[in-house]
Amino acid sequence: MINMVFLGPPGAGKGTQSERIVNQYKIVQISTGDILRAAVREGTKLGKLAKQYMDEGKLVTDDIIIGIVRDRLAEPDCTDGFILDGFPRTIPQAEALEKMLSEDLDKEITHIVSLEVPDEFILERLTGRRSCKSCGRAYHVKYNPPKSDNCECGGEIIHRDDDREETINNRLEVYHNQTSTLKSFYEKSGNLYVLDGVGDPDAIFERVQDILTK
Ligand code: AMP
């Protein structure tokens, strides 16, 4: 069973690696960023609320995000395993996750993988990143350009509003102030694996597989 938490700064490659993990291990990816972007697109109450935070590169409040994840993890397709991508991002979120898994869902986290990429790589990765509006798949103008105007799923390829330089700096600051502390939170669990996220995605996926077979 793989119930995984994927840590790492924006642009570390969590989405890219999650796609491979999903295909290989047939488990579901839960990306809180994707859920929020879908809500923004659909113009729901949640979307309207989240948009202001997202546009500024700030975190959406813990209570909103925790509620979303609680509902999502209770869905039947999570029974065979899941990857949490982009959650938790704060200590209260991590504490709420432990509580909901043990008290409500009778599950536990099996692997916490921290994908590490220094800041100097992030700006180039994110300013060049292009994303599918429908499936969230990531491309890069230089390193992984899309083969046509549209994504392989047929969706429109866009430059995310928050993948622009001003917002990226805020997102990195938020990461260093609020999210990077999660590593020490999980250190005591014995299930934390630190992984170098710089380099070829195929080579990184091999390292991910080594971890997931442990
Ligand atoms: P991501 O696609 O994971 O980079 O998330 C995009 C944006 O969605 C973030 O910059 C936050 O504004 C919001 N967001 C996603 N996940 C969370 C979370 N766990 N807690 C708070 N805000 C989040």
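In listed order, ligands and their atoms are each counted from 1.
- Considering backbone and side-chain N/O of Pro88, none are found under 3.5 Å from N/O of ligand 1.
- Counted within 6.0 Å of CG on Asp149, heavy atoms from surrounding residues, nucleotides or ligands total 12 or fewer; the atom is thus considered open.
- Counting atoms of ligand 1 from 1 in the listed order, those under 4.0 Å from a heavy atom of Lys58 are 11 (C), 12 (O).
- The pair Asp77-Arg72 meets the salt-bridge criterion, since a charged nitrogen lies less than 4.0 angstrom from a carboxylate oxygen.
- Ranking protein heavy atoms by distance to atom 1 (P) of ligand 1, first place goes to Arg89 NH2, 3.5 Å.
- Close contacts between ligand 1 and Leu36 involve ligand atoms 8 (O), 13 (C), 14 (N), 15 (C) [criterion: under 4.0 Å to a heavy atom].
- In this structure, Lys14 does not count as a contact residue of ligand 1, since none of its heavy atoms falls inside 4.0 Å of the ligand.
- When each of Val40, Leu46, Thr44 is tested with Glu42 by the rule side-chain contact (heavy atoms from CB on, under 4.5 Å), just one qualifies, namely Thr44.
- In this structure, the protein non-hydrogen atom closest to atom 19 (N) of ligand 1 is Gly86 O, 2.9 Å.
- Ile21 places none of its side-chain heavy atoms less than 4.5 Å from the side chain of Gln29.
- When the heavy-atom distances from atom 8 (O) of ligand 1 to Met54, Gln178, Arg37, Gln52 are ranked, the shortest goes to Met54.
- Scanning all protein heavy atoms for the shortest distance to atom 22 (N) of ligand 1 gives Val60 N, 3.0 Å.
- The backbone N or O of Cys151 lies less than 3.5 Å from no partner atom in the side chain of Arg137, so there is not a single donor-acceptor pair.
- For the residue pair Asn191 / Ser189, no side-chain donor-acceptor distance below 3.5 Å is found, with atom types taken as modelled.
- Checked against a 3.5 angstrom limit, the closest N/O atoms of Gln93 and ligand 1 fall inside it.
- If you number the atoms of ligand 1 from 1 as listed, the ones under 4.0 Å from a heavy atom of Thr32 come out as 15 (C), 16 (N), 17 (C), 19 (N).
- For ligand 1, the atoms lying closer than 4.0 Å to a non-hydrogen atom of Arg171 are 4 (O).
- For ligand 1, the atoms lying closer than 4.0 Å to a non-hydrogen atom of Arg160 are 1 (P), 2 (O), 4 (O), 6 (C).
- Note that CG of Asp34 and CG of Asp85 are 7.0 Å apart. Values are rounded to the nearest 0.5 Å.
- Under a cut-off of 6.0 angstrom, the local environment of CG in Asp71 is crowded, with over 12 non-hydrogen atoms contributed by other residues, nucleotides or ligands.
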